[in-house]
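Structure first, then comments.
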Number of protein chains: 2
Amino acid sequence: MGNKKKAVTIHDLAQELKVSPSTVSRALNDHASIGKQTKKAVRKLAKERGYRPNTIASSLRTNRSNTFGIMVSWINRPFISSLISGIEEAARESGNRVIISQSHDITELEMENLQVLYDSRISALIVSLAMETTDYSHFELFTKNGIPVVFVDRFPTIHNIHKVHINNFSAAFEATEHLIQQGCRRIAHFGGERHQSIYEDRRSGYIAALKKNNLEVDKSIIIQANLLSAEEGMRLTKQLLDIDNPPDGIFCANDTTAVSVIRCAKSRGIKIPEELAVIGFNNDPICEIIDPPLSSIHHPAIEMGMAAVKQALAILAGDTSTGPVSSVTLDTHVVIRASSDRLGTERSEDGFRGVLPESKVKDSAPQTK
Amino acid sequence: MGNKKKAVTIHDLAQELKVSPSTVSRALNDHASIGKQTKKAVRKLAKERGYRPNTIASSLRTNRSNTFGIMVSWINRPFISSLISGIEEAARESGNRVIISQSHDITELEMENLQVLYDSRISALIVSLAMETTDYSHFELFTKNGIPVVFVDRFPTIHNIHKVHINNFSAAFEATEHLIQQGCRRIAHFGGERHQSIYEDRRSGYIAALKKNNLEVDKSIIIQANLLSAEEGMRLTKQLLDIDNPPDGIFCANDTTAVSVIRCAKSRGIKIPEELAVIGFNNDPICEIIDPPLSSIHHPAIEMGMAAVKQALAILAGDTSTGPVSSVTLDTHVVIRASSDRLGTERSEDGFRGVLPESKVKDSAPQTK
DNA sequence: AATAACAATGCAATCGATTGCGCTTTGCAG
DNA sequence: CTGCAAAGCGCAATCGATTGCATTGTTATT
């Protein structure tokens with residue numbers, strides 16, 4: 001183990017076959033102007049000697065690294081890890097590698113790590129913004145140097161960008177209307193940083209649904225969180241449930257806080273969904289696990305990752321059919337479970353209902369280790 | 001956007017400063033034989049022109065890519081994504097990039113993707129084996145070429161390897177003894193593929209605990225799963241609970257199947273932990289979410305990732321203090337929750353107990369999006 | 001048979017950074 | 001004033017693969 005014998009190069013093959021390195025290179029790349037015999041001989045020897053192309057050298061010469069960079073907040077979050085899984089798969093299928101980097105939701109770290117990605121001369125960058133980030137100038141390093149940047153999920157509030165996203169407004173609208181249909185009349189909202197458009201849009205969709213249904217918009221039950229973490233969720237829910245006129249429904253901007261709401265409510269003996277109907281966002285695996293199962297918005301993480309790669313590839317191929325920028329919107333849908341199902345139509349015994357989109361998610365992301 | 005002006009190189013800087021590229025290179029790398037003034041001037045101009053080193057060129061010349069390759073089964077599993085998060089962080093801190101690849105638990109895909117990683121001339125490889133994999137010859141490509149391979153979690157059953165792991169035997173032993181202490185006398189086991197040593201060891205630890213406590217080892221309640229998926233868990237649990245003499249406790253080789261056991265048992269009205277005590281493995285986030293909360297073995301995913309990087313760095317630095325191979329074993333511990341706590345000492349109201357190792361996990365991996 | 005056309009291969013530059021070796025200058029001791 | 005070392009910097013090769021252009025050998029055309 002650990003021998004440091006040098007790897008085989010095309011020069012080694014060339015020497016042995018008494019041809020030039022150019023010929024070897026072309027033979028391996030199936031260039032038209034190389035004879036059949038030669039190609040066969042080269043490939044045979046390459047295999048025998050265990051030749052493997054040096055991607056680094058190739059990248060330097062061709063100026064194409066065939067590598068995508070990913071910048072996300074935290075790798076170990078259900079939505080993000082599925083997103084990455086989708087990116088990895090689509091990238092691999094198109095012959096690209098994937099370098100990964102996390103910002104820990106801190107803008108400064110995002111900036112630092114972007115430098116590293118740039119130094120790696122990635123072919124394209126796929127980003128989901130750090131929660132903190134409000135200034136986007138650090139992405140110009142890429143755009144100004146001709147490296148496509150595709151934003152996924154959390155994207156900047158500026159116009160000239162490529163992005164893959166969902167319609168957060170309408171998803172939130174549907175979620176809220178669902179609660180209203182279930183009889184809720186005083187619906188609270190758990191929202192994230194408003195400078196992140198996805199959270200602002202979810203908030204707007206929620207408010208629009210209330211207004212459309214002639215329900216009061218009470219800002220005292222619109223909760224503002226920073227990171228939408230479990231701890232925040234627990235702490236803020238306690239406050240919310242302590243007020244004189246507590247809500248009878250709540251729409252949370254993510255599942256993590258929704259779970260905290262359920263746990264807090266349960267500990268107080270508040271019946272879900274009868275006294276408090278809850279719906280989250282993302283359709284994380286925990287939705288099916290918690291008792292009662294949590295209604296949510298299905299957020300197509302893997303598909304979003306794949307779409308981002310597809311979009312990056314199109315840009316690299318010079319596809320300008322969508323104009324200077326492109327925006328892909330993926331579909332979401334409400335997944336109704338017991339936490340919001342006051343009419344009792346969706347209940348089951350063991351909680352295993354063959355809901356189509358969910359089994360689909362499971363197929364591509366089994367919760368095994 | 002999308003201008004294709006070429007990036008600044010050291011030659012551009014050299015020309016403008018009327019010095020040689022060598023000087024620029026050395027100045028930027030803080031080489032001793034370059035004058036103070038020169039260094040200052042070079043760095044100033046580099047900054048002004050937005051110079052960024054081309055890692056690809058540097059890698060080619062120095063034969064060091066400063067890139068770690070990761071090969072895992074699925075990125076989007078709680079344990080794996082935390083593992084990767086740890087790897088990414090430790091790698092970044094040591095100035096290394098991270099390329100990621102997934103095998104989907106299929107050996108063939110593992111082999112194919114390893115080729116790609118090799119072609120990228122990664123500095124070191126960190127692997128958690130595909131469930132299927134029993135032959136390890138495809139890793140020789142790396143070892144024979146002097147590229148360190150560090151196995152994490154799922155490792156080969158051969159000796160001359162570097163690895164980071166836990167003591168699966170003793171963890172399983174402790175888990176099983178815990179069930180026995182709680183009064184269980186007929187304990188079942190849900191195991192994974194036995195050719196994967198981690199699952200074989202968990203099984204052995206379980207059996208050893210039974211024997212030590214003079215309990216019968218009944219193979220009819222040792223369940224063999226392939227992927228340890230939720231579906232498998234549900235299907236096999238149904239069979240298990242249908243037998244004449246059902247178990248009063250079960251130790252599962254992962255949390256996913258343990259959750260299935262709980263859900264299946266609940267749907268049949270079996271009381272947990274009174275009639276069936278359950279303990280899983282990994283301490284995934286779902287453990288705290290499910291009702292009743294699931295006891296488990298804390299599996300230090302992030303720390304394992306960091307340890308693997310540390311180990312790889314040591315090998316690259318030529319550290320032979322551990323001999324030709326090195327093995328790092330990290331600690332685990334039983335996390336007792338309601339699913340196995342028949343004595344009722346660990347209960348709480350809202351399920352938020354400030355268990356130290358858990359809050360630690362949360363700090364580094366908040367369940368937010 | 002002479003020439004055009006083409007197929008197959010080689011030559012050498014190139015991508016951007018690094019580095020061993022050698023050259024020039026300055027400083028200082030003898 | 002000479003000699004010599006150290007400081008500061010440049011030359012040119014190098015890493016491995018790619019590619020425009022030149023070259024050789026072969027076949028087809030008139």
Quiz item: Which part of the nucleic acid, if any, lies within reach of Lys18(A) when heavy atoms closer than 4.0 Å are counted: base, sugar-phosphate only, or nothing?
Solution: sugar-phosphate
Look for any protein N or O under 3.5 Å of an N or O in nucleotides 20-26 of chain D and output each such pair with its distance, or none.
unit_1	atom_1	unit_2	atom_2	d
dG20(D)	O6	Arg26(A)	NH1	3.4
dG20(D)	O6	Arg26(A)	NH2	3.2

Quiz item: Taking atom CD of Glu108(A) as the centre, does the number of heavy atoms from other residues, nucleotides or ligands within less than 6.0 Å exceed 12?
Solution: no
Quiz item: Applying ring-ring contact (aromatic ring centres under 6.0 Å, His included), which residue pairs with at least one partner in residues 107-138 of chain B are found, sequence neighbours left out?
Solution: Tyr118(B)-Phe142(B)
Practice problem: Looking at every strand, decide which applies to Val19(B) at a 4.0 Å heavy-atom threshold: base, sugar-phosphate, or nothing. | Solution: sugar-phosphate
Exercise. Return the set of residues passing side chain to side chain donor-acceptor pair (under 3.5 Å) with Asn29(B) (not counting sequence neighbours), or none when no residue passes.
Key: none
Quiz item: Tell me: CD1 of Ile10(A) to P of dT9(C), nearest whole Å?
Solution: 15 Å
Self-check item: Interatomic distance, Asp12(A) CG vs dC15(D) C1' [rounded to whole Å]
Solution: 13 Å
Quiz prompt | Pairing residues for Thr23(B) by the side chain to side chain donor-acceptor pair (under 3.5 Å) criterion, not counting sequence neighbours | solution = Ser20(B)
Quiz item: Of the residues in residues 47-65 of chain A, which ones touch DNA chain D at a heavy-atom distance under 4.0 Å?
Solution: Tyr51(A), Pro53(A), Asn54(A), Ala57(A), Ser58(A), Arg61(A), Thr62(A)
Quiz item: Is Thr9(B) near enough to dG16(C) that one of its side-chain N or O atoms lies under 4.0 angstrom from OP1 or OP2?
Solution: no
Practice problem: Using the test salt bridge (Lys or Arg N to Asp or Glu O under 4.0 Å), find all partners of Arg61(A) that sit at least two apart in sequence or belong to another chain. | Solution: none
Quiz item: Under the salt bridge (Lys or Arg N to Asp or Glu O under 4.0 Å) test, which residues partner Glu140(B), sequence neighbours left out?
Solution: Lys144(B)
Quiz prompt | Rounded interatomic separation in angstrom, taking CG from Asp30(B) and C1' from dT19(C) | solution = 16 Å
Pick out the pairs of N or O atoms, protein on one side and nucleotides 5-8 of chain D on the other, that lie under 3.5 Å.
none

Self-check item: Gln15(B) CD - dG16(C) C1' separation (whole Å)
Solution: 15 Å
Quiz item: What is the distance from CG of Leu13(B) to C1' of dC9(D), rounded to the nearest Å?
Solution: 16 Å
Exercise. Using the ring-ring contact (aromatic ring centres under 6.0 Å, His included) rule, collect all pairs that involve residues 80-111 of chain B, keeping only residues at least two apart or in two chains.
Key: Trp74(B)-His104(B)
Quiz item: Can a salt bridge be assigned to the pair Lys310(A) and Asp319(A) using a cut-off of 4.0 Å between side-chain N and carboxylate O?
Solution: no
Quiz item: More 5' along DNA chain C: Pro21(A) or Asn29(B), using each one's nearest nucleotide?
Solution: Pro21(A)
Practice problem: Verify the contact: side-chain N or O of Ser20(B) to OP1 or OP2 of dC11(D), cut-off strictly under 4.0 Å; return yes or no. | Solution: no
Quiz prompt | Euclidean distance, atom CG of residue Asp119(B) to atom P of dA17(D) [Å, nearest integer] | solution = 10 Å
Quiz item: With sequence neighbours left out, which residue pairs that include part of residues 26-36 of chain B fulfil the salt bridge (charged side-chain N to carboxylate O under 4.0 Å, His left out) condition?
Solution: Asp30(B)-Lys39(B), Asp30(B)-Arg43(B)
Quiz item: Any donor and acceptor pair, going by atom type alone, linking the side chain of Ser82(A) with main-chain N or O of Phe79(A) inside 3.5 Å?
Solution: no
Practice problem: Grab the CG-P distance between Leu17(B) and dG10(D) for me, whole Å please. | Solution: 10 Å
Exercise. For His11(B) and dA13(C), give me the distance from atom NE2 to atom C1', rounded to whole Å.
Key: 13 Å
Quiz item: What residues, two or more places apart in sequence or in another chain, satisfy side chain to side chain donor-acceptor pair (under 3.5 Å) together with Asn66(B)?
Solution: none
Quiz item: According to the ring-ring contact (aromatic ring centres under 6.0 Å, His included) rule, which pairs have a member within residues 32-55 of chain B, sequence neighbours left out?
Solution: none
